[in-house]
Amino acid sequence: QVQLVESGGGLVRPGGSLRLSCAASGSISSIMTMGWYRQALGKQRELVAFITTGGSSTYADSVKDRFTVSRDNAKNTVYLQMNSLKPEDTAVYYCNAYILSRTVGVWSDYWGQGTQVTVSA
């Protein structure tokens with residue numbers, strides 16, 4: 001079984017910063033991309049950023065130059081550093097990873113449970 005566990009969400013004022021972490025554990029043979037999605041109330045889930053094993057990253061236009069995604073392959077962990085936060089960044093943030101399960105032998109998408117980020121004065 002594979003698990004993704006997120007941490008680091010919370011309440012922050014506009015202009016502030018937060019750092020999210022997500023650690024993958026369990027029966028993992030290999031991890032390809034890792035990244036973050038978010039879902040605001042009443043809206044569809046959207047991509048925030050993702051990063052490949054080699055370190056190439058992709059960002060949504062709305063977060064470019066404010067957010068940075070990184071990963072520690074040795075720890076199977078992905079991070080999202082969020083700076084200059086805006087009220088419109090308020091959402092539940094979900095970690096995502098494309099993982100080859102050692103037990104099943106199949107590549108699949110896995111999701112974390114979500115962590116709330118609220119940007120408000």
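All values below come from the heavy atoms of this structure, side chains included, with hydrogens, waters and symmetry mates left out. Values in this document were obtained by computation on a predicted structure and should not be read as measured data.
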If you look only at pairs with a residue in residues 50-71, which of them pass as a ring-ring contact (aromatic ring centres under 6.0 Å, His included), with sequence neighbours excluded?
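ring-ring contact (aromatic ring centres under 6.0 Å, His included) check on residues 50-71 returns no pairs.
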I would like to know whether Arg71 and Ile31 meet side chain to side chain contact (heavy atoms under 4.5 Å, CB included); could you show each step before the answer?
CA-CA 11 Å; Arg71 66 189 280 178; Ile31 302 178; 3.7 Å; yes
Is there a chain of hydrophobic side chains (I, L, V, M, F, W, Y, each step under 4.5 Å between heavy atoms) that links [X] to [Y]?
X	Y	answer
Val92	Leu85	no
Ile51	Tyr98	no
Val2	Trp107	no

With no hydrogens and no angle check, is any side-chain donor or acceptor of [X] less than 3.5 Å from a backbone partner on [Y]?
X	Y	answer
Thr115	Glu6	no
Ser101	Val106	no
Arg13	Ala121	yes

Above 12 or not: heavy atoms from other molecules or residues under 6.0 Å from CG of Asp65?
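No, the 6.0 Å shell around CG holds no more than 12 heavy atoms from other groups.
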Kindly compute the distance separating [atom1] ([X]) from [atom2] ([Y]), expressed to the nearest 0.5 Å.
X	Y	atom1	atom2	value
Ser17	Arg66	OG	CZ	10.5 Å
Leu100	Ser29	CG	OG	4.5 Å
Gln81	Leu20	CD	CG	9.0 Å
Asp109	Leu4	CG	CG	10.0 Å

Transitive ILVMFWY cluster of Tyr79 at side-chain heavy atoms under 4.5 Å: who else is in it?
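Result for Tyr79 is none, singleton.
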What I'd like to find out is whether the side chain of Thr90 reaches to under 4.5 Å of the side chain of Ser120, using heavy atoms alone.
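Not touching, per the 4.5 Å side-chain cut-off.
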A side-chain contact here means heavy atoms from C-beta on lying under 4.5 Å apart; do Ile99 and Asn76 qualify?
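No. Closest side-chain heavy atoms not under 4.5 Å.
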Side-chain donor-acceptor pairs under 3.5 Å in residues 34-48, sequence neighbours left out?
| residue | atom | partner | partner atom | Å |
| --- | --- | --- | --- | --- |
| Arg38 | NE | Glu46 | OE2 | 2.7 |
| Arg38 | NH1 | Asp89 | OD1 | 3.0 |
| Arg38 | NH1 | Tyr93 | OH | 2.9 |
| Arg38 | NH2 | Glu46 | OE2 | 3.3 |
| Arg38 | NH2 | Ser62 | OG | 3.4 |
| Gln39 | NE2 | Lys43 | O | 3.1 |

